[in-house]
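The block underneath contains the structure these notes are about, expressed in structure tokens.
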Amino acid sequence: MQMLKAEIEPLIEAALLHVGITNDHWRSMLAPSRELDQGDLSLPCFPFAKQLGQAPPAIAEALAEAMPEHEAIGEVNAVAGYLNIKADPSWLAKTILSSPETHGHPFGQRQPTGRKILIEHTSANPNGPFHVGRARNAILGDSLVRLHRLYGNEVRAEYYVDDMGKQVGVLAWALANLSSEEVEATLEGRDPLNPKWKGKADHERVRWYQAAQVIRQEREDKDDIEKEIGRMVHASEHGDQQVLDDFQAAYTPVLEGMLTTLARLGINFDTFTKESIFVTNGDVGRLMQRFKTFDIHGTADNGAEFLDLGARGLKGKTEFFFRRGDGSSLYATRDIAYHMWKWQQCDDLINVLGEDHKLQAKQVGMTLTELGQKVPDVLFYSFIKLPEGKMSTRKGNVVFMDDLLEEAQAQAAAVVGALRPDYEHQQIKEIADAAGTSAVRFNIIKVSPEKGFTFRWEEALAFEGGSAPFIMYSHVRACSIVRRCHKEGIDVTAELENTNIDHPKEMSKGMVGLLRALSVHNDVLAKAVNDRRPHLFANHLLHLANCFNAFYRDCMIVVEGEVNTFNLQISEVARRMMRTGMEGLGIAPIEHM
RNA sequence: GGGCGUGUAGCAUAGCUGGAUAAUGCGUUGGCCUCCUAAGCCGAAGAUCCCGGGUUCAAAUCCUGGCACGUCCGCCA
């Protein structure tokens, strides 16, 4: 709608001048109309009442009178104090069809912006399989990566590997010291390993980790165990290469298992950076030396060091510890070193973090400011819960992503099989896999991240209404139109290049609705990217698919072997936008369903 | 106790840089396949926008005081 706004703003300005309004406040008041029947853009005239000494409806009338004619404007009317402006559908169609962003190639992709964005997301500790609770980070992060790429930014998706903490230490200790019999004996009474995941290291090794967690609490030699784990963690934090290598051997297969799961969702990373690097390369040591020189630096009784961020306006607990009494660094300290490193390689930095990291992120941000560095943008999300409450591996109250995806694909296969009895087995499987994983992603991405989210199977596996398959289906219909054209011997490429067409003067509701949805597409994308709110784009795509369905109903493209060129061109723009939009959200743009 | 976030039809959500009749899906309910895929389309019913106060011509939206829920307030990661 930005395209219409840009076109008519000067006209409104002229009209306002005509009735005696000279200030500029109205620009922010000019907004999309609430109801489509009213128009596309509306200007409330109430604020002008005092200034002009007239009733708002009269002002609206006067403005409507004063509006100059313009090809972009289909209709101007004044209703109840509002000036409503409706775009001329032919102008909209012409603008959309001639826009390089929609008509050019490839598939409505935007021009490169030249901006380099580094997006860090997921970065889950490599100690067990992915569960749905963690999934929001990965799905949100990956959607952001994809949307930025669609927008034209150069993006690097980064996974920060926590390779030196206590969690990895416990895993490494367990793998070195516990037999599989001991593990199974310790975990007796818990859910056994799902045979389906036998051989998948994230599912198998997490049992060692879980057993170790029990043993650390219960076994008589637990103090010795604790000492040993402590020794390893401590050594890792001082950059002991042998221990770090052992840790890496322990977690790598787990991480690979987790990445396999993410790949099923279409989530991939460009780079992996290990936390320990910043210890071994000396960055963390130098950073801590530098902190010493700060005037907000402080030292505790045992020699531990902190920065007093209270002096910079932080409320609550203001001491931000960056070094233990024994001289080793803390997680946040390494994180700061990591951020300084990241800033060297991008123009914008985005982190995707759970809401539990808010304070941490605030401390890191303030410290970066203190260091003269930029503060990264952070996308916070609230946790996914189960109807039974918080997800907890320990309590067995979890839904593993692998199980969810299996179930999603199985249920999708049942739906496809029932709906398309004539399809081959292999084809059904391919469609079901695409629909199942897309549905899972979309179910999570369509709601705003700060909202608490309760995972429900029936919602994750809904394949109608506001779901990914709904969008996929509209796209399939658009694809099927092209197939139909080919079947009728119509030269689609030639039809699309034909610029010598008459736009119908009267357009159906379905056509006008679709044109409007297409005209806001790039506006919504820009907003979703810049505000870091992927759900806005998800909801727009739902709306676009909905509009396409109405267009499909109202506007036949092939009738008795004859093609309607205008309708075909619009349909193809919509198809491309749906396709790129789906890719931007990680929905599989399949062509048959 | 303090910080941050959330509270919208039976359910799940959108709208939150103030603007007209609060939007969408599920569920309930009525209709539409000789016609480019009915995973679709069209219609009906369903809302004290958590509660109180304030600002404003105008408040779901902003301010303020409550209530409920989530989350954080480690020399853990």
Side-chain angles (χ1 to χ4, degrees), chain A residues 28-29 31 33-35 38 42-47 49-50 56 79-82 84 125 162 164-169 233 275 300-306 314-317 319 321-326 328 330-332 334-335 354-360 362 380-383 385 390 412 415-416 418-420 431 435 443 446-448 450-454 456 458-459 462-474 476-485 487-488 510 535-536 538-539 542-543 545-546 549-550 552-560 563 567-568 571 592-593:
Chain A
S28 60
M29 283 153 39
S33 309
R34 195 179 201 92
E35 300 289 327
Q38 293 159 350
S42 296
L43 184 71
C45 298
F46 306 95
K50 205 174 274 176
V79 181
Y82 291 85
N84 293 329
N125 286 331
D162 183 0
M164 56 182 298
K166 192 159 231 167
Q167 307 211 30
V168 194
V233 171
E275 191 181 336
D301 296 341
N302 65 347
E305 296 171 63
F306 61 86
L314 185 69
K315 290 180 207 148
K317 184 182 179 293
E319 291 170 350
F321 279 90
F322 63 87
R323 180 180 236 164
R324 292 195 185 87
D326 68 5
S328 61
L330 283 136
Y331 173 81
R334 290 169 234 137
D335 202 25
E355 60 178 345
D356 56 337
H357 281 69
K358 274 188 180 172
L359 176 61
Q360 172 94 300
K362 179 94 186 151
F380 290 109
Y381 62 90
S382 162
F383 297 115
K385 290 175 299 189
K390 210 171 141 180
V415 172
V416 182
L419 254 29
R420 309 279 181 262
I431 295 169
N443 178 242
K446 75 173 176 184
V447 318
S448 51
E450 67 275 12
K451 200 105 151 187
F453 187 100
T454 303
R456 291 185 178 83
E458 45 312 351
E459 281 167 20
F463 298 144
E464 17 169 50
S467 72
F470 174 86
I471 298 168
M472 295 165 80
Y473 187 70
S474 296
V476 162
R477 280 176 145 182
C479 293
S480 135
I481 289 171
V482 180
R483 282 197 294 274
R484 175 63 190 262
C485 287
K487 211 165 119 193
E488 298 281 351
H535 76 281
L536 296 179
N539 283 294
L542 234 26
H543 175 67
N546 206 341
N549 286 334
Y552 182 88
R553 174 201 65 209
D554 288 347
C555 305
M556 289 299 289
I557 284 158
V558 182
V559 182
E560 289 166 13
V563 66
N567 287 354
L568 176 63
S571 173
H592 295 266
M593 277 179 87

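In what follows, chains carry the letters A, B, and so on, assigned in the order in which the sequence lines appear, proteins first and then strands, with residues in each chain numbered from 1.
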Students often get this wrong, so: under 4.0 angstrom with heavy atoms, is [X] touching a base, only sugar-phosphate, or nothing?
{"X": "Val482(A)", "value": "nothing"}
{"X": "Phe322(A)", "value": "nothing"}
{"X": "Val447(A)", "value": "sugar-phosphate"}
{"X": "Asp335(A)", "value": "nothing"}
{"X": "His535(A)", "value": "sugar-phosphate"}
{"X": "Ser42(A)", "value": "base"}
{"X": "Ile431(A)", "value": "base"}
{"X": "Leu314(A)", "value": "nothing"}

State which residues pass side-chain hydrogen bond (donor to acceptor under 3.5 Å, both in side chains) with [X]; sequence neighbours excluded, sorted by chain then number.
{"X": "Gln360(A)", "value": "none"}
{"X": "Ser42(A)", "value": "Ser33(A), Asn84(A)"}
{"X": "Asn549(A)", "value": "Ser474(A), Arg477(A)"}

In whole angstroms, how far is the [atom2] atom of [N] from the [atom1] atom of [X]?
{"X": "Phe453(A)", "N": "A14(B)", "atom1": "CZ", "atom2": "C1'", "result": "14 Å"}
{"X": "Asp554(A)", "N": "C35(B)", "atom1": "CG", "atom2": "P", "result": "18 Å"}
{"X": "Met556(A)", "N": "U34(B)", "atom1": "CE", "atom2": "P", "result": "14 Å"}
{"X": "Asn84(A)", "N": "A20(B)", "atom1": "CG", "atom2": "P", "result": "11 Å"}
{"X": "Tyr552(A)", "N": "A39(B)", "atom1": "OH", "atom2": "C1'", "result": "13 Å"}
{"X": "Lys315(A)", "N": "G1(B)", "atom1": "NZ", "atom2": "P", "result": "18 Å"}
{"X": "Lys451(A)", "N": "C16(B)", "atom1": "NZ", "atom2": "P", "result": "12 Å"}

Interatomic distance at [atom1], [N] relative to [M], whole Å:
{"N": "C26(B)", "M": "G40(B)", "atom1": "P", "answer": "7 Å"}
{"N": "G65(B)", "M": "U21(B)", "atom1": "C1'", "answer": "32 Å"}
{"N": "U56(B)", "M": "G18(B)", "atom1": "P", "answer": "16 Å"}
{"N": "U48(B)", "M": "A59(B)", "atom1": "C1'", "answer": "15 Å"}
{"N": "A22(B)", "M": "G46(B)", "atom1": "P", "answer": "13 Å"}
{"N": "U61(B)", "M": "A44(B)", "atom1": "C1'", "answer": "30 Å"}
{"N": "C73(B)", "M": "A58(B)", "atom1": "C1'", "answer": "41 Å"}
{"N": "A38(B)", "M": "C33(B)", "atom1": "C1'", "answer": "7 Å"}

What is the base-pairing partner of [N], counting Watson-Crick and G-U wobble geometry with both distances under 3.5 Å?
{"N": "C11(B)", "answer": "G25(B)"}
{"N": "U6(B)", "answer": "A68(B)"}
{"N": "A47(B)", "answer": "none"}
{"N": "G1(B)", "answer": "C73(B)"}
{"N": "A20(B)", "answer": "none"}
{"N": "C41(B)", "answer": "G31(B)"}
{"N": "A60(B)", "answer": "none"}

With sequence neighbours left out, write down each residue that passes side-chain contact (heavy atoms from CB on, under 4.5 Å) with [X], or none if nothing qualifies.
{"X": "Glu305(A)", "result": "Lys292(A), His297(A), Thr299(A), Phe322(A), Arg323(A)"}
{"X": "Asp356(A)", "result": "Phe383(A)"}
{"X": "Glu488(A)", "result": "Arg484(A), Ile490(A), Val558(A)"}
{"X": "Phe463(A)", "result": "Gln411(A), Ala412(A), Val415(A), Ala439(A), Pro469(A)"}

Notebook entry, point to check: Going 5' to 3' along nucleotides 68-77 of chain B, which nucleotides have protein heavy atoms under 4.0 Å from the base (write B), which only from the sugar-phosphate (write S), and which from neither (write -)?
Noted result: --BSSSSBSB
Notebook entry, point to check: Tell me, for nucleotides 56-63 of chain B in 5' to 3' order, what letter each nucleotide earns: B for a base near a protein heavy atom under 4.0 Å, S for only sugar-phosphate near one, - for neither?
Noted result: -B--B---
Check: Looking only at heavy atoms, which two atoms of Asp162(A) and Glu275(A) are closest? And how far apart?
Finding: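 Answer, listing the atom of Asp162(A) first, then Glu275(A): OD1-OE1, 2.8 Å.
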Notebook entry, point to check: Which heavy-atom pair separates Lys446(A) from Ala538(A) by the least distance, and what is that distance?
Noted result: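 Minimum heavy-atom contact is CA-CB, 4.0 Å.
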Notebook entry, point to check: Hey, which of these two, Arg484(A) or Gly452(A), hits RNA chain B nearer its 5' end, going by closest nucleotide?
Noted result: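 By nearest-heavy-atom nucleotide position, the 5'-most residue is Gly452(A).
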Next item on the list: Let me know, please, whether Cys555(A) or Leu43(A) comes out on the 5' side of the other along RNA chain B by nearest nucleotide.
Entry: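 The residue mapped nearer the 5' terminus is Leu43(A).
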Check: Counting just side-chain N and O atoms, does Arg553(A) come under 4.0 Å of either OP1 or OP2 of A38(B)?
Finding: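 No, because none of the side-chain N or O atoms of Arg553(A) sits under 4.0 Å from OP1 or OP2 of A38(B).
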Next item on the list: Apply ring pair (Phe, Tyr, Trp, His ring centres under 6.0 Å) to Phe380(A) and list each qualifying residue two or more places apart in sequence or on a separate chain.
Entry: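 Checked Phe380(A) against ring pair (Phe, Tyr, Trp, His ring centres under 6.0 Å); zero matches.
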Note to self: Suppose we screen for ring pair (Phe, Tyr, Trp, His ring centres under 6.0 Å). Which residues come up paired with Phe321(A), at least two apart in sequence or across chains?
What the structure shows: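 By the ring pair (Phe, Tyr, Trp, His ring centres under 6.0 Å) rule, Phe321(A) matches Phe306(A).
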How long is the gap from [atom1] on [X] to [atom2] on [Y], to the nearest 0.5 Å?
{"X": "Tyr552(A)", "Y": "Ile557(A)", "atom1": "OH", "atom2": "CD1", "result": "8.5 Å"}
{"X": "Leu314(A)", "Y": "Lys362(A)", "atom1": "CG", "atom2": "NZ", "result": "7.0 Å"}
{"X": "Ser467(A)", "Y": "Glu459(A)", "atom1": "OG", "atom2": "CD", "result": "12.0 Å"}

Checklist line | Base of A38(B) paired with side chain of Asn549(A) (donor-acceptor, under 3.5 Å) | finding: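 Counting by modelled atom types and ignoring angles, no donor-acceptor contact under 3.5 Å is found here.
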Within the sub-3.5 Å range, which N or O atoms of nucleotides 24-33 of chain B have a protein N or O partner, and how far apart are they?
{"from": "G25(B)", "atom 1": "O2'", "to": "Gly466(A)", "atom 2": "N", "distance (Å)": "3.3"}

Margin query: Can you tell me which nucleotide in C36(B), A38(B), U13(B) comes closest to the side chain of Ile557(A)?
Written below: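 Side chain of Ile557(A) sits closest to C36(B).
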Margin query: Using a 6.0 Å cut-off, check whether atom NZ of Lys487(A) has over 12 heavy atoms from anything other than its own residue.
Written below: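 Count not over threshold, so no.
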Note to self: Just confirming the chi classification of C67(B), syn or anti, using 90° around 0 as the syn window.
What the structure shows: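 Glycosidic conformation of C67(B): anti.
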